[in-house]
Protein chains: 2
Amino acid sequence: MAGRGSASAPDAAVTIRDVARAAGVSAMSVSRVVNGKPGVGPETAARIENAIQALGFRPNRMATSLRQKRGLSLLGMVVPDPYTPMFTEIAVAADAALREHGLIVVTASSGRDPVRERALVGSFIDRGLDGLLLVSEDDDHRYLAPELQRGRPVVFVGGPPVGVEAPAILVDNRGGARTAVEHLLGRGHRRIAIIASTTGFPAAERLAGYRQTLAAHGVPVDPALVMRVPHGRVDGARATARLVDRADPPTAIFCTNYLLTAGALPALRERGSGCAFVAFDDFEAATLAEPPVTVVTQDPPSMGRLAAELVVAAIDGTGGGPERVTVPARLIPRGSGELPPPA
Amino acid sequence: MAGRGSASAPDAAVTIRDVARAAGVSAMSVSRVVNGKPGVGPETAARIENAIQALGFRPNRMATSLRQKRGLSLLGMVVPDPYTPMFTEIAVAADAALREHGLIVVTASSGRDPVRERALVGSFIDRGLDGLLLVSEDDDHRYLAPELQRGRPVVFVGGPPVGVEAPAILVDNRGGARTAVEHLLGRGHRRIAIIASTTGFPAAERLAGYRQTLAAHGVPVDPALVMRVPHGRVDGARATARLVDRADPPTAIFCTNYLLTAGALPALRERGSGCAFVAFDDFEAATLAEPPVTVVTQDPPSMGRLAAELVVAAIDGTGGGPERVTVPARLIPRGSGELPPPA
DNA sequence: CTGTTAGCGCGTTCAC
DNA sequence: GTGAACGCGCTAACAG
């Protein structure tokens, strides 16, 4: 059929002037109709509408934004990885909340690479996105200072802005860690291991919470039970193997993020270990595992909603300043965290 | 500190002219330096570089794109939902491949709402994204005809374009279903149920493959074992409950997508059912469940890579026409699919 | 009610 | 090697 030869030059898009010509009016009148502004007679408007339909005119939003010095009604969200369910749920909640404001949420992953994170943030800003939701585990955000000062709507989520002032939705990482550790202590555990990632403020806070809590209960921290590893599944698996294979293994493990957990659980299972296990961050598969996984979780939907409110405020200029909200973390017992230490 | 009063008007961004003035040159020279084009003396260039640094100049990509009639170097990907791991993996692979071409991949979810899907696609086009990766389960894409004809780079992934011609990376849904069903038949199962979503071409194909395969093996299809439900976790759970609670329950279930599976597994577990189970689409938690879940899977990384190649070709105009690639599906036995029927 | 002028920020063209 | 003029597609601010 038309198949082959149709390497037709990408037909130039139809512009507002094409419509104006077709309708025998000026571009301005078309603009008014398109934007629903008054000042166009009913007949003229009808002619214009027809021309728009006939030509399939679609306003070029880039031109509009350029002229009006406004954003593209796009809101960018940058997450460390696309796998961690919590990030997804935050995005879903933010998306729902922002849709009401006519904003489309688009997501991209930084892969925990500070260089890529900065590139993404910069790209989003240069490309005229209206605002940014930044889930960052980086430890230096001073590069954002100029943008922030220029009033760019950037809201931090889950990890705090470091070196700059910016609105943020944070999590009570220490409190969550304390909850997890106290839960295990309450079940009689004394040799409690922790698996934490080497990077990121949240990881450091969770580790600190672990240390504080053990200290507060007079339980010495065995350095051999503190595993600090990169933020990946294989790292979680390896750390778990090292712990479980020890001559004096821990009786419980506190695993501080999703990816590490995703690696740890299969490792634990392979070894048939009866080690108690509590994970930071909830995930769907937690109920599928045997035993189901006890978790400490934040409330991602709330976080997403709150973050949405803050960006909107920032975009509208309603923001009173860099606001900071910390949401609590709670424990959901499901089985793995209630396993007793071996008698 | 500066805190409160700094409701400063969002300082106008610094433009190329500000830099030109600061460096005592024309905007043109600044442009040349920024874009690494020749024709600027070393000293002048140095002065300009300094001014750029000092003022923190960042070129406005919208203006550039408008002038050059090019995209924003953003590639939009629209997925039905943000939970299904396969979509995520396709996105990751596409992202990696497209990064080399200087394209940033941003993702948004349609929620399987055709209206929203169209809105997203339209928005992306109007906003000057360079291309689109569309994972659609809609059954009518004629609204895209004008755009396609204008040479918009849209590549379908996982679901075919309906009513229009467009490049696509597809999956052998029927073949995959056949593989799954034959695997179960080979284990001695005769009462094999299927849980499929009511919407979407892939679902219909998988169901057809199931029917064909049973017929080919002389096994009658019991309509009571064919569950067509909406595409959600709760629907998967309910369908499973209905099946398992029957007086004459199936001895095996073929569950045709991730969300349904995510609902089905807990339901199965609650009931302590020994029903064999094969899922279409792989997912991380499959290895965590007890027993681990046998799946039929496509190769998402390949799909993402291929899709990336097709969009790039379409963007460059290298595309010979609407190409269509179908990737095979293979079975990964893990345990749940090898459960025998009760003797 | 409708049209004209001007310019958003940038890059192409062509002169100097 | 450098800059002035013009226009990408659209709309505010004025005419008429």
Side-chain angles (χ1 to χ4, degrees), chain A residues 9-49 51-52 55-73 123 125-130 150, chain B residues 9-49 51-52 55-73 123 125-130 150:
Chain A
D11 298 358
V14 354
T15 78
I16 202 171
R17 278 193 261 221
D18 297 327
V19 178
R21 203 172 314 130
V25 298
S26 80
M28 204 46 230
S29 294
V30 180
S31 173
R32 288 195 252 261
V33 169
V34 168
N35 299 302
K37 297 203 172 164
V40 180
E43 298 182 20
T44 327
R47 278 214 319 287
I48 294 177
E49 303 267 25
I52 289 176
L55 301 184
F57 169 67
R58 314 214 46 172
N60 181 330
R61 297 289 263 97
M62 287 191 337
T64 304
S65 287
L66 182 59
R67 179 66 240 242
Q68 302 191 154
K69 296 197 171 213
R70 285 185 6 203
L72 287 168
S73 301
S123 300
I125 290 176
D126 296 343
R127 282 164 178 74
L129 296 238
D130 299 65
R150 273 174 209 154
Chain B
D11 299 357
V14 355
T15 80
I16 203 171
R17 278 193 262 219
D18 298 327
V19 178
R21 203 172 312 130
V25 297
S26 78
M28 202 46 236
S29 294
V30 180
S31 174
R32 287 196 252 261
V33 169
V34 168
N35 298 302
K37 297 202 172 164
V40 180
E43 297 181 18
T44 327
R47 277 216 318 288
I48 295 176
E49 303 269 26
I52 290 176
L55 301 185
F57 169 67
R58 315 215 46 173
N60 180 330
R61 297 288 264 101
M62 286 190 340
T64 303
S65 287
L66 183 59
R67 177 68 239 250
Q68 302 190 154
K69 295 196 171 212
R70 284 185 9 201
L72 287 169
S73 300
S123 301
I125 289 176
D126 296 343
R127 282 164 178 75
L129 297 239
D130 299 64
R150 274 173 209 154

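It should be emphasised that the depicted structure is a prediction, and the values quoted were computed from it without experimental measurement. Chain A is the first sequence line, chain B the second, and so forth, proteins listed ahead of strands; every chain is numbered from 1.
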Which value, rounded to the nearest 0.5 Å, describes the distance between [X] atom [atom1] and [Y] atom [atom2]?
X: B:Asn60; Y: B:Thr64; atom1: CG; atom2: OG1; result: 6.5 Å
X: B:Lys37; Y: B:Met28; atom1: NZ; atom2: CE; result: 7.0 Å
X: B:Arg67; Y: A:Leu66; atom1: CZ; atom2: CG; result: 12.5 Å

Nearest-nucleotide pick for B:Val25, side chain only, options being D:dC8, D:dG3, C:dG11: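 Output: D:dG3.
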Using a cut-off of less than 4.0 Å, is there contact between a side-chain N or O of [X] and OP1 or OP2 of [N]?
X: B:Thr44; N: D:dT2; answer: yes
X: A:Ser31; N: D:dT11; answer: yes
X: A:Ser29; N: C:dG3; answer: yes
X: A:Asn60; N: D:dC8; answer: no
X: B:Ser26; N: D:dG3; answer: yes
X: A:Arg61; N: D:dC10; answer: no
X: A:Thr64; N: D:dT11; answer: yes

Do [X] side-chain atoms and [Y] backbone N/O form a donor-acceptor pair below 3.5 Å?
X: B:Ser65; Y: B:Arg61; answer: yes
X: A:Asp126; Y: A:Ser123; answer: no
X: A:Arg47; Y: A:Ala23; answer: yes

Distance in angstrom units between [X] [atom1] and [N] [atom2], rounded:
X: B:Arg70; N: C:dG11; atom1: CZ; atom2: C1'; result: 11 Å
X: B:Arg32; N: D:dG3; atom1: CZ; atom2: P; result: 8 Å
X: A:Asp18; N: D:dG9; atom1: CG; atom2: P; result: 8 Å
X: A:Lys69; N: D:dA12; atom1: NZ; atom2: C1'; result: 13 Å
X: A:Met28; N: D:dC10; atom1: CE; atom2: P; result: 12 Å
X: B:Arg67; N: D:dC10; atom1: CZ; atom2: P; result: 16 Å
X: A:Gln68; N: D:dC8; atom1: CD; atom2: C1'; result: 17 Å
X: B:Arg127; N: D:dG9; atom1: CZ; atom2: P; result: 18 Å

Closest non-hydrogen atom pair between A:Arg127 and A:Leu72, with its separation: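 Shortest heavy-atom contact: O-CD1, 3.4 Å.
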Once you apply a heavy-atom cut-off of 4.0 Å, does B:Ser65 come out as touching a base, just sugar-phosphate, or nothing?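 Here B:Ser65 touches no strand at all.
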For B:Ile16, which contact category applies under a 4.0 Å heavy-atom criterion: base, sugar-phosphate, or nothing?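 Sugar-phosphate only.
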Only one of B:Asp18, B:Val34, B:Ile48 forms a side-chain contact (heavy atoms from CB on, under 4.5 Å) with B:Phe57, so which one is it?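 Exactly one candidate clears the test, B:Val34.
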Given DNA chain D, 5'-ward residue of the pair A:Val30 and B:Gly24, judged by closest heavy atom: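 Final value for this comparison: B:Gly24.
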When you measure from every atom of DNA chain C, which of residues 36-43 of chain B have a heavy atom less than 4.0 Å away?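 Nucleic-acid contacts, sorted: B:Lys37.
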